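Have a look at the structure below before the remarks.
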Amino acid sequence: ADLAPLNSDTEKDRIDWSQLEAKFGAFPKLPEGTKAGGVSKTLTNEYWRSLGQGYEKFGKKVGATVAYQAAQSEGDQLGQLTIAEGMVTTGYNVLLVSPQTDANLQPVMEQAKEAKIPVVNVNDAVIPQAEHYVGNVQKDNGVRVAKWFIQNHPEGGKVAIIEGQAGVFAAVQRTAGFKSTIGEDKKFQVVASVPGNWDRQQSYDAATNILQQHPDLVGFYCNNDGMALGVVEAVKSAGLLGKVAVFGTDGISDAYKSIAAGELTGTVDSFAEMTGEVAMETALRLVAGQKLPRVVATPQALITKDNISKYSGDGVDIRAVLMKDAASAQ
Amino acid sequence: MSDITTSQPARSSSPFSSFSVRDAGTLIGLILIVAVFAMLVPGFVSERNLINILQQSSINACIALGMTLVIISGGIDLSVGPTAAISAVLTASLLVAGYPVPVAIVAGLGIGMLCGLVNGILVAYVGLQPFIVTLGTLSTYRALALIYTGGNPVLGVPMTFRSLFNGNIGGIPNSVIIVAVIALVAWVILKKTPIGEYLLAVGGNEEASYVAGVPIALTKITAYVISGFLAALGAMILVGRLGAAEPILGNLWELDAIAAAAIGGASLMGGKGSVIGTILGAIILGAMRNGLTLMNVQAFYQLLATGLIILVAMMIDRVTRGRG
Amino acid sequence: MSDITTSQPARSSSPFSSFSVRDAGTLIGLILIVAVFAMLVPGFVSERNLINILQQSSINACIALGMTLVIISGGIDLSVGPTAAISAVLTASLLVAGYPVPVAIVAGLGIGMLCGLVNGILVAYVGLQPFIVTLGTLSTYRALALIYTGGNPVLGVPMTFRSLFNGNIGGIPNSVIIVAVIALVAWVILKKTPIGEYLLAVGGNEEASYVAGVPIALTKITAYVISGFLAALGAMILVGRLGAAEPILGNLWELDAIAAAAIGGASLMGGKGSVIGTILGAIILGAMRNGLTLMNVQAFYQLLATGLIILVAMMIDRVTRGRG
Amino acid sequence: MNARLRFDGITKTFPGVKALTNVSFEVAPGEIHALLGENGAGKSTLLRTLSGVAKPTSGEFYVDGVIAAFKRPEHARLAGIAMIHQELQQVPNLTVAQNMFLGHQIKSAGGMLVNRREQEKRAAEALAMIDPTIDPSVPIKTLKVAQRQIVEIARALLDKAKIIAMDEPTSSLTPAEFENLAKVIERLAGLGVSIIYVSHKMDEVFRICHRGTVMRDGNVVGTVDLKTTAEADVIAMMVGRELQHEEHNSFVKEDVRVDVRGLSSAVTHVRDVSFTVRRGEVLGIAGLVGSGRTELVRMLAGVDAIADGTIAIDGATLKLTDPRSAISAGIGLLPEERKREGIIPGRSVSVNMALPSLGKFSKSGIVRHGAIKSRANELLKRVNLRPFQIDRPIRLFSGGNQQKAIIARWLAAGSEILLFDEPTRGIDVGAKSEIYHLIENLAAEGKSIIVVSSELPEVIRLSDRVIVMRNGRIAAQLERQELSEQAIVAHAVGDAGLKTHSAKQEQAHV
Ligand SMILES: Nc1ncnc2c1ncn2[C@@H]1O[C@H](COP(=O)(O)OP(=O)(O)OP(=O)(O)O)[C@@H](O)[C@H]1O
Ligand SMILES: Nc1ncnc2c1ncn2[C@@H]1O[C@H](COP(=O)(O)OP(=O)(O)OP(=O)(O)O)[C@@H](O)[C@H]1O
Ligand SMILES: [Mg+2]
Ligand SMILES: [Mg+2]
């Protein structure tokens, strides 16, 4: 009876976010007083705050109350568990959780099941028992950047990876995606893959050291934007800006600014706010009694100077843009 | 500062009283916090939520008890989190590999004690400072857990094991019962056995203890081994709850445990600490977290509240009790 | 353990000698590490890389100097990271708002000192344990930094400010020069001034210091204020380097700083510590990180190496020096 | 007469204890005024209030007729009061000179820097008055207790104070050093400085003090002129009864219990020491400070490592690895430095007493606190602990009473071989004679006792035989009938008297 352990990157029972309306109709009517609870990893990173804004935006649109809480710091596993348990006991109708780790919210899954509250696992760490997952394909982040290098540097060269915290799902998957894809092109060589621990300062130092040993480096792939912005500074102070490409992940606003300023080469945006909206839509459709596929894939795109204007700026309706992207991909 | 030698009344520090004035102070603190939340949050004092608080405090209480003994002996153990992680991933992988539950538990507790033993030997025989020893093993043990699992969680822990630590007896969660028993044992150790006296003596004046024939090295090592054991036990409870063991489990546990012990009256200078106080300290921290969450306080303000409550708890204690 | 009272030869602990036997031990440790990496990593001992190591160690050295003074006075300052964060975000947001550079710097350093002052008052006047005070302010200050910025980094720090802390003079990075000057000042304070003597005295025997008329409270507060100032200065250097101030900046700085001070010979029991030793300790940690990155050691093994090197450094020190 | 210092109704209460009740007396300019009383009478507490370390609950001080309040130690110093505390108040890692000038350094560069050279020069001058061999530039932790006490005295002399309060300044000093101190004190008194002198050594008190105030249980019993009052009367005022002078009793049995041969220390200069102690024998060890007496007993107690030689007990060679092994062989050490090596400050007296013998008080791994209490009741009464509150933390007791508790520790452990290093340091005359009795009783029970003492009358009063040490070696061994202060001093100093007691004869004797 048990579900197979979820791998959000490979699960077959999936649907792309753009198909939700097409397959399941317009948004159904919600029961009165629906309360949705979001439990995030941390609020110290813009990505997670934007996700929450997406929750709230969609909740407001359809008239559901949304609470959005986060652990006190990234890695505070038991604190996050306490929060989620509190939400189960205090009568939320659905939970949207972004767990610190694959396992730390497991008890909530059980308690919620008992209380008949659906739980949606939103992004990052993947709870094996999750019945519903909304998020992007983590591995794909790395794959997209690797493809960029293969396309834009046909002559190949040395590349380096700045990893997130050791052992964290997103960091492992993103790094693996980049490594395996770039490894297919024998002209590229990964000369360094070192920990930056999501920390700007540590990434700066690591990049400085790598650049000094490999001044002919072609580019960096960083597991998130904060680290990438640190690496950009290191590249700048080594006088290699423009020669060494730097990619981040997440698409936070500072990354956009940096790309626009011609410093950061690109970021893989996973559209946190949109993800939040999609996740909330999924969650509330569940509350309304719909049966949905196990995984709802959310959009992502590699943003560079070439296409940045398409995704940001005044008057850009990101939903429409992404919808068009999805359609053309189909 | 005005009178450096004036000190608390004699009674409160009698080693025979099982509930000291100091502990009463901590209890009052707890009651205050509960009262405040009871007013602000409907349902806070419901039976279900109170049991929740106990359960949510149980792991920290377990770790903090070991920490208390180490602190009493004049040391500190920063490596409890990684110790728990090592023992969790070992137990879980043995279980997943099909070993019987008792074997996996013994192995897990055993490796926890081994981690404690290494700390203890480095402190007692090699003579290094406890803070720096356990700062070093903090990284080392974490790295070992990560290397052993390749950074992946160990999933699929069987229900037989899980129900042992995650079930309940008459509505009381097993974890709470386990920690209550452990607290009783720790209390007996501290109050009723020679090793308890030795811990207090070594932490109070190491040189005099040595001259008086106290087995210093053995005493210190015992404290660290117990701390390792309790870290491992905390890990078992957590694995039981989560159904999985992760190599990054136990992050920052040491700070929570030290905070609980300190709120409960342990002095980081050694020679002082209370089992009852530590348990109350852990419950204070747990109640606070629970209450703030139920009040839907935003993460940054929760962090603020955590910091302030630690400070305020210590200040109230300081005022009610005089210089400790 | 065999002889608890044997003490090191008189010379080595004289506070007057500017370079003690203990410091020589730390220096040997550094030379050993450099030698090992020099064999393993081509280019490790290049001038460029050595300057890199100094630059990468400079922030930790800066923080660790403040930590050393606090530790000598018998305290500890766990709140250096959040103090740095507060001062970084304040300075950066003033700069971004167009205030002149000197104003922003003074404000940033001032708020760092204010954070230190609060720690100092809680320790010295309220009489709380330093560990627990700064554990509380660790959360409190971090929360304030997060609330002030809403969790966002402050970007767009002007070049005028950045070049001040991130430029170089004759190839030597400004940050290295700044920290060298600070080290010299700290050395003079510790070795030559009344307050330095007070720090050693208060940490060595608080009661005797009180009886001798040492202004205990003032001395302790001074240590924390200096630590807060240096945390803020470390923040300036970092903001200069990264061009951005993050409210989560300085995470775990306290552990690195304590490790540097301890490797350099500071005793967490107070009354002992060395400016030269701390600087060498910070460089040891920096060299190790740099070497491991250059060797492209995998994350888990870097963590392992960090832990083991701290332990081995302390053991070598212990063996060469005898019980400290 | 115009009083230099007047105590007016000083009262001090601690929670549960009234340490001082309405203490009033006067000290004249240039007077050397003894403050006398049993352990726990309140002498130190009174002086601590005078020096601003503790605040009196009520009462006033008048200095030269002017009311004075001392909220902090600096205030007392500024008012011209210097204090030598009973317990050494020193910072181990600082140098001798730094310790002496702590809190009022000599500054240079407009107050920015400490003028070390000047400090060391002035420290050396002050030290030279009592012991010129102490180097002011070494860390104070490298000095022996006696030297450190001299540093404390010299520190008080630096201040050019008008009142110097000395709380047992000579507790670890030899008679020779006391003589130097006496000269200094008399010279100061001649210059008009008032001295308050606390000591349990009645000979010292009568030798230098003009008047004395006797305290009992926190009250002033009376002030007497010491030049005209008999010692016995003063003692009677102190202890509330007459003490009769008692002769030495011998309980030496035939069989040798302890046989030490060729003992050399691994960490100190003690070399090639051989002697025996019989059952029921009290062996005294005399010698100058630094002669290695403490080091010798520390080796016997397993505290210091042994490089060479053997220790046999009842014929069986002993393997000493640590104090624990010595304790289980029946050896108990009363250490020289009580505060550092003796007590666990925060623990109760009874726990401090029971610490080495917790095994004896335990049944199946559980400590029977009831048994400890009843034994503590018995033994602490035997040593006359005051106040008799066995559950109070030991740090709240006066120094002398702490000493008694540590003696009781070894009675509780049932040690057969007792090593007493300065057993009556800081102990009042009444308690001292109690301790002498105790030692005699222990000898009568057949225990073997080694007493290290710097007080020659004490050595002579107690010992059946005396070893005199010099430079880490045994200089002489004197039988009971040969004992005299002159003989001991001669061997200790080593300038004469060697013809009858050469080292060779030592060996032959053993
Ligand atoms: N901090 C304290 N708290 C409680 N009681 C105290 C404290 N300090 C001293 N006392 C008590 O005050 C009384 C007087 O002690 P004090 O040290 O003044 O005696 P003393 O005359 O100096 O004795 P001794 O000759 O042994 O040094 C004792 O009963 C002691 O236990
Ligand atoms: N490591 C050492 N190497 C050489 N000599 C040492 C060492 N440690 C101590 N000593 C010396 O041993 C001598 C004996 O010490 P100590 O002064 O304790 O003897 P004592 O006769 O018991 O004197 P007292 O007990 O009156 O101080 C001292 O001169 C001391 O300096
Ligand atoms: Mg006294
Ligand atoms: Mg001696």
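Residue numbers begin at 1 in each chain, while the letters A, B, ... track the order of the sequences. Keep in mind it's a predicted model, so treat the numbers as computed, not measured.
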To the nearest 0.5 Å, what is the distance between CG on C/L199 and NZ on C/K220? 11.5 Å

Backbone N/O of B/C115 and side chain of B/Y141: donor-acceptor pair under 3.5 Å: yes

Here's a test for you: under side-chain hydrogen bond (donor to acceptor under 3.5 Å, both in side chains), which of C/T68, C/T222, C/D77 qualifies with C/S227? C/D77

Please name the residue in the list B/V126, B/L122, B/I132 that meets the side chain to side chain contact (heavy atoms under 4.5 Å, CB included) test with C/M314. B/I132

Please confirm whether the backbone N or O of B/A201 pairs with a side-chain atom of B/S209, one donor and one acceptor, at under 3.5 Å? yes

Contacting region of B/I309 [heavy-atom separation from chain C under 4.5 Å]: neither

Tell me, side chain or backbone of C/I76 under 4.5 Å from chain B's heavy atoms, or both, or neither? side chain

Top residue by heavy-atom pair count (under 4.5 Å) with chain B, among C/L311, C/I310, C/L144? C/L311

Shortest non-hydrogen separation from C/T26 to C/I284 and the atoms involved: O-CD1, 3.8 Å

Can you find a side-chain donor-acceptor pair between B/T306 and C/S139 that sits under 3.5 Å? no

May I ask you to list the residues in residues 247-264 of chain B that approach chain C closer than 4.5 angstrom, counting heavy atoms only, ordered by number? B/L255, B/I258, B/A259, B/A262

Shortest non-hydrogen contact between C/A145 and C/I86, atoms and distance: CB-CG1, 3.9 Å

With only heavy atoms counted, which part of C/L303 is less than 4.5 Å from chain B, the side chain, the backbone, both or neither? both

